[in-house]
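These numbers come from a predicted model, not from an experiment.
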Amino acid sequence: MFKIRKIRLPFLLLMFGLFTICNLIYLVQSIRLQLLNKECNGDEYYYENLYRLDQISLEKITSIPSQIYVFISSIFNFFINDSILSTRIVSVVSAVLFLFFVYNFFFKRLLIDSVEKSILFIFFGSIIFITRNCFIGTSDFMSICLLFITLWQLIEFFENEKAFNSKKMLLIGAILGISITVRPTVLLVYLVFSISLLFFKKYRLVITYKLKELFLIAFSSLFLIILINLYPVIHEHKIVLDVKEIPKETGVNWLQRNYLMAKFWDNGSLDKGNWLSTQDVIDYKMKNPNAFIPKDNFEILMQEPGLYARQMTRMFVKANYTYFRFMYLFFPILWLIFFPVFKKNNLSKETDKYKLIILTLFLSTLFFSFMAIKMFEPRWVVAILLVYALFSIEYLIKFKQEKRYLVYSISSVLGIIMFLNTFLGN
């Protein structure tokens with residue numbers, strides 16, 4: 001064992017060093033292109049909702065979408081007087097605090113040497129930075145952090161419910177509630193996660209005899225949502241959520257835009273990656289009054305099953321490539337639990353939670369592919385990927401050290417190749 005380690009450690013350190021350099025270059029590029037960009041990055045519109053702290057009021061705080069994110073961004077804007085940069089700084093701070101949290105509550109407790117612990121932590125951190133969500137002034141990354149914590153703790157609860165008291169359940173519910181107000185898209189992930197739980201007898205039993213604890217989560221979550229929306233709940237009898245909508249007076253919705261983009265990408269009349277505007281859809285409907293315009297996803301499925309099948313296949317394949325691109329061998333390593341040969345040496349003992357996260361990721365990919373029609377966006381499932389990565393690491397360290405070093409080395413080489421491909425492509 002010592003001989004194998006002596007041979008592989010220098011190569012591992014060399015490859016991992018080059019991998020780290022590539023990540024640092026990519027990080028600097030992300031800071032320059034996203035964080036310090038003078039223009040808007042994609043969906044950055046939150047800066048328009050920032051307010052001055054000397055004009056603060058309950059109505060102003062609670063009546064705008066993504067209340068917590070906008071409030072914290074407004075605090076930063078008070079000091080730097082740059083609304084766009086303020087929203088981006090909140091995402092960066094969220095990433096830093098998130099990494100600090102994960103290191104202290106997971107990596108610090110791993111029973112491996114400090115060098116290997118650092119390697120694993122950098123691999124994990126690279127997943128965050130490669131998405132670039134943490135440099136963009138939207139509520140996405142804050143919601144990812146909150147969703148990650150909730151999913152991770154819920155899985156641990158279903159694995160060992162005795163370790164969770166009422167206070168912990170209330171805290172989980174509070175984080176869940178905040179995550180929904182920050183970005184309501186997380187509700188879809190919670191729905192898929194809940195469905196995934198039902199596939200396991202062990203977790204179904206926990207649901208039946210731990211209703212009190214689950215009620216505490218639901219109560220705490222709902223309480224926080226109402227509290228954060230206090231003014232609109234009292235005066236307007238509604239809850240304000242961060243839902244991006246196309247004005248109804250245009251006669252166009254997101255489904256129609258997505259459908260036409262998918263259709264035009266599929267037949268080659270629109271370059272992939274180019275998007276249609278709302279006006280483009282309006283013009284199309286005027287020029288083609290008898291053209292099929294869907295009302296819902298199922299109507300597309302019935303009218304154009306071929307298009308739907310091709311798009312879902314493309315999105316599913318691209319999504320799984322993206323997962324591999326983000327995690328390298330840490331993505332397929334968890335699949336080993338399905339092979340009987342790895343049941344030896346207790347490598348696959350008590351792996352229900354690993355199967356659960358694999359199923360949650362699989363069903364989420366299918367679900368979002370079905371709903372999106374046009375293009376799968378990894379940001380929808382990044383929180384699941386991060387939990388998946390932790391479980392892959394947890395599973396991997398059960399193997400002998402020389403096998404772990406092999407995984408690190410190959411992952412480093414793959415990362416270098418993919419980064420070079422990205423850099424040369426640009």
Side-chain angles (χ1 to χ4, degrees), residues 30-31 33-98 100-101 132-147 149-150 170-171 173-187 219-250 254 278 379:
S30 298
I31 292 173
L33 296 178
Q34 268 75 43
L35 181 62
L36 302 179
N37 181 17
K38 298 297 183 182
E39 305 297 328
C40 288
N41 299 311
D43 293 334
E44 288 184 330
Y45 55 84
Y46 295 84
Y47 70 93
E48 298 173 351
N49 295 329
L50 302 194
Y51 41 76
R52 292 173 53 181
L53 296 185
D54 58 349
Q55 297 178 347
I56 205 167
S57 66
L58 180 63
E59 179 181 4
K60 189 165 290 187
I61 294 175
T62 63
S63 296
I64 54 175
S66 196
Q67 296 91 335
I68 299 295
Y69 176 78
V70 172
F71 176 69
I72 298 174
S73 298
S74 296
I75 293 176
F76 278 101
N77 189 48
F78 175 78
F79 292 101
I80 67 174
N81 195 30
D82 187 327
S83 56
I84 296 180
L85 183 59
S86 296
T87 58
R88 295 172 185 169
I89 289 176
V90 174
S91 296
V92 174
V93 172
S94 297
V96 173
L97 293 177
F98 174 74
F100 178 79
F101 170 84
R132 288 183 169 173
N133 289 120
C134 60
F135 299 111
I136 297 175
T138 70
S139 61
D140 283 332
F141 196 76
M142 178 181 281
S143 70
I144 288 169
C145 297
L146 296 169
L147 176 57
I149 294 171
T150 308
L170 288 171
L171 181 59
I175 297 173
L176 190 155
I178 295 171
S179 70
I180 292 171
T181 62
V182 171
R183 194 74 168 180
T185 310
V186 301
L187 276 170
F219 170 79
S220 179
S221 176
L222 183 59
F223 177 79
L224 258 294
I225 292 173
I226 293 174
L227 184 63
I228 292 171
N229 285 269
L230 191 58
Y231 186 90
V233 166
I234 294 174
H235 297 277
E236 301 173 33
H237 310 295
K238 68 176 184 179
I239 290 175
V240 178
L241 294 176
D242 183 17
V243 179
K244 188 168 63 173
E245 296 179 335
I246 297 175
K248 291 183 179 180
E249 55 268 22
T250 63
W254 280 109
T278 299
R379 63 192 174 100

Nearest 0.5 Å, please: how far is [atom2] in [Y] from [atom1] in [X]?
X: T278; Y: W254; atom1: OG1; atom2: CH2; answer: 6.5 Å
X: I68; Y: S73; atom1: CD1; atom2: OG; answer: 11.0 Å
X: I239; Y: I180; atom1: CD1; atom2: CD1; answer: 9.5 Å
X: L53; Y: I56; atom1: CG; atom2: CD1; answer: 5.5 Å
X: H235; Y: S63; atom1: NE2; atom2: OG; answer: 8.5 Å
X: L35; Y: I136; atom1: CG; atom2: CD1; answer: 10.5 Å

Under 3.5 Å, which donor-acceptor pairs do the side chains of residues 220-234 form with other protein atoms, sequence neighbours left out?
unit_1	atom_1	unit_2	atom_2	d
S220	OG	L170	O	2.6
S220	OG	A174	N	3.1
S221	OG	G177	N	3.4
N229	OD1	Q67	NE2	2.9
N229	OD1	V240	N	2.7
N229	ND2	I225	O	2.8

Report the C-alpha separation of T138 and T87 in whole Å, then their side-chain angles, then the decisive distance to 0.1 Å, and conclude whether the side-chain contact (heavy atoms from CB on, under 4.5 Å) test is met.
CA-CA 7 Å; T138 70; T87 58; over 6 Å; no
May I have all residue pairs that pass salt bridge (charged side-chain N to carboxylate O under 4.0 Å, His left out) and include part of residues 56-74, sequence neighbours excluded?
none
Take atom CZ in F219; do more than 12 heavy atoms of anything else shown fall under 6.0 Å from it?
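No, the 6.0 Å shell around CZ holds no more than 12 heavy atoms from other groups.
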Candidate pair R88 and N41, rule side-chain contact (heavy atoms from CB on, under 4.5 Å), full reasoning
CA-CA 10 Å; R88 295 172 185 169; N41 299 311; 3.3 Å; yes
Residues 74-85, side-chain donor-acceptor partners within the protein, below 3.5 Å, at least two apart:
unit_1	atom_1	unit_2	atom_2	d
S74	OG	Y51	N	3.2
S74	OG	V70	O	2.9
N77	OD1	D82	N	2.9
N77	OD1	S83	N	3.1
D82	OD1	I84	N	3.4
D82	OD1	L85	N	3.2

Check the pair I72 / M142 against side-chain contact (heavy atoms from CB on, under 4.5 Å), numbers first and verdict last.
CA-CA 11 Å; I72 298 174; M142 178 181 281; 3.8 Å; yes
Residue list, salt bridge (charged side-chain N to carboxylate O under 4.0 Å, His left out) with R183, at least two apart or on another chain:
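Listed in chain order: D140, D242.
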Among residues at least two apart in sequence or on other chains, which ones pass salt bridge (charged side-chain N to carboxylate O under 4.0 Å, His left out) with K38?
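Not a single residue meets the salt bridge (charged side-chain N to carboxylate O under 4.0 Å, His left out) criterion with K38.
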Side-chain contact test, heavy atoms from C-beta onward, threshold under 4.5 Å: evaluate it for T185 versus R379 and give yes or no.
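No. Closest side-chain heavy atoms not under 4.5 Å.
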Quick one: are I31 and F135 in side-chain contact, heavy atoms under 4.5 Å?
yes
Do you know the tightest heavy-atom contact between I178 and T181?
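Heavy atoms only, the tightest pair is O-OG1, 2.7 Å.
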I'd like to check the ring-ring contact (aromatic ring centres under 6.0 Å, His included) partners of Y46; sequence neighbours left out, ordered by chain and number.
Y69
For S66 and V182, what are the C-alpha separation, side-chain angles and deciding distance, and is it a side-chain contact (heavy atoms from CB on, under 4.5 Å)?
CA-CA 4 Å; S66 196; V182 171; 4.0 Å; yes
